[in-house]
Structure formats: structure tokens, C-alpha cells
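Throughout, protein chains are lettered first and strands after them, A, B, ... in sequence-line order, and every chain is numbered starting at 1.
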Amino acid sequence: MSISEIDRQWTTRIRRRVEGKLPPEKLLPDTQPVYVSSWIYVFGVATLSALGIVIATGCILAIRGPQWWHGSPYGHFINSLHLWSVEIFFFTMVVHLWGKFAMAAWRGGRALTWMTGVVTFLASIATAFTGYVSQTNFDSQWISTQAKDGINATGAGSIFNVLNTGQMLMWHIVLLPLAAVVLTALHVILVRIKGVVPPFEEVTE
Amino acid sequence: MAFFLSLAALIPLDNPGHYIHWHFLDLSVANLIVVILMVCTFIAALLLPFPGRSRRKENR
Ligand code: HEM
């Protein structure tokens, strides 16, 4: 195989692009600029940690199933951990996004970072809503019968039926978490590629 | 277990929630508390000194 043929291989091209854009010292940096030593920068990682606990507790719920999470003390406990880590996830995500909004963190070619954040937020809300209707209790029955008219009015009801417990559970534990995790990974990789946005005064000098 | 149950009994959760009505806005008190906590956390995150910051400045 000639050199130019090797150059044209997709594996070679992707490797070179990744090496150029995201060398290891950018992916896992050892220091950050001084302005990053503020509590407001902690909330991205706090959101990430909460998401990790949401996924871990969700996996335990999936292993044992609804009878267990409704009917045993340990099941109640893991169910509560799942709910409360979701509460912390949204709480820290909102503080994170307020912070990024206040610093206009989309400056300097970081628009895609902001936009992946926005779409992750939307995917997370959809995940939470399908979670509410996947509880398999009277609460989820009530919520889904309240939701159906709104969803049907949009036309989405023809393929997305909130009264279909099986379908909602699949969206909640397969499709939407997958979307949220992939989007989060993209978001964090973009932050690493671009580096943390400098404060206003640093740019205008 | 009994301890936690009696602790939980301190907060009555078995009755209809309280809501605040303001023009077109209907907001549960629980959600309002969460929003207020988020605003407080945001302000605290901006104002509270981050540990280790002053040490690093001395070294510069
Ligand atoms: C699953 C939800 C999210 C996770 C896990 C997450 C995680 C992170 C992390 C770890 C960082 C770097 C550290 C930091 O500055 O805090 C970051 C930066 C950023 N996030 Fe998020 N984020 C999420 C949602 C959002 C949302 C909803 C928005 C806005 C709509 C957003 C906008 C940004 C922006 C613009 C930056 C870049 C900041 C800079 O360059 O200085 N993120 N995110």
C-alpha cells in the first residue's frame, strides 16, 4: 500500500483529526486558568456526577423490576435515590446554565457547546416525563391520562402513546437516556476541545 | 425504619399540594421553594470564595 493510499484511509484521517483537535493534554488537562477557580465552574461536573448516579440507580431498578421497587424497603430506597439524584441533576444543570448564560459562554466558537447543552436539557426533560409515566402506580396513570390530550393535540400521539406503559418504559430506559448520555459526552468533549471561555475583560484588551 | 417513618410523619405529604396563583401563572409551593433555592445557590456560587484561590494568587 502506498503512502498516499494510507493517507486516504478513513482510520488514518479520523486519527489525525482527533490528534490535532483533542491531544491527550487537552482531553485530560492538569491545570486550568485562574478564573476557573470559582464555585460556578463546579456545576457542570456536579451535573455530570448526578447523571452518573441516576444511571447507576436506574440500572439497579432495571435489574429487579417494578414489584421490587414498589414492594421492598431496599427497592424503595434505590427508587428514592433515583428520584433524588434526578432532582439534583436538574437543580445543578439549571444553575450551570444560568452561569454559562451570564458569562455568555458561547463566545469564541463555542456555539455548538451551548447548543448541545440546550438539546441535552430538552432530552433530559423528555426522559424525566417518560419516567413519571413509567412508575406503574396510580401517579403514573394520572399523569399519563392528563398528558394524552396535549400530546395527541400535537399529532405526535399517532406514534408516541403516553398510555402505552411498555412504549414509555422503552423510551425512558433505552432511547432517551442513550440520547442524553451521547449528547452529554459530545458536550464535554466540545468543552475540552475549545478550552474554558475567558472572562469578558480578558478578550476585550 | 420506625425512626424514619416517624421523621417522615413530621411533613404531611398525604394532602393536596399548595399552589400560588399569579395572573396566568400557577406554581406549586414546592416548586417555588426549589426555584428560590436555585437562585440562592447561584448567588452563593458567585460570591463565596473558592478554596485554594488565594494560595494560588500568592504563588504568582
Ligand atoms: C447533562 C447536562 C449537562 C452536563 C453534564 C454539562 C457538563 C458540563 C461540563 C462538565 C462543563 C465544563 C465545566 C464547567 O464549566 O462547568 C460544561 C461547560 C459548558 N456547558 Fe454544560 N452541561 C450540561 C448542560 C448544559 C446546558 C443545559 C447548557 C446551556 C444551555 C450548557 C452550556 C455549557 C457551556 C456553554 C459550557 C462551556 C463553558 C466554557 O467554555 O467556559 N451545559 N458543561
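- At a threshold of 4.0 Å, the pair A:D7-A:R16 counts as salt-bridged, since one of the basic side-chain nitrogens sits closer than that to a carboxylate oxygen.
- For B:L46, the part lying under 4.5 angstrom from a heavy atom of chain A is the side chain only.
- Taking the side chain as every heavy atom from C-beta outward, A:Q32 and A:Y41 never approach each other to under 4.5 Å.
- Contacts of A:F43 with chain B are made by side-chain atoms alone, with heavy-atom separations under 4.5 Å and no backbone atom involved.
- Ring geometry, A:W106 versus A:F101: the interplanar angle falls from 30° to 60°, so the pair is classed tilted.
- Within 6.0 Å of NZ in A:K26 there are more than 12 heavy atoms belonging to other residues, nucleotides or ligands.
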For this session: Give the C-alpha distance, both sets of side-chain angles, the deciding distance and a yes or no for side chain to side chain contact (heavy atoms under 4.5 Å, CB included) between A:L61 and A:T57.
Result: CA-CA 6 Å; A:L61 293 177; A:T57 51; 5.5 Å; no

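- In this pair, A:W68 and A:Y74 present their aromatic rings perpendicular. The plane angle is above 60°, beyond the 30 to 60° band.
- Chosen from A:V94, A:T92, A:I40, the residue pairing most often with chain B at heavy-atom distances under 4.5 Å is A:I40.
- Taking a 6.0 Å sphere around CZ of B:F42, one finds it holds more than 12 heavy atoms contributed by other residues, nucleotides or ligands.
- Contacts between residues 20-41 of chain B and chain A, counted as heavy-atom pairs separated by less than 4.5 Å, involve B:V34, B:L37, B:M38, B:V39, B:T41.
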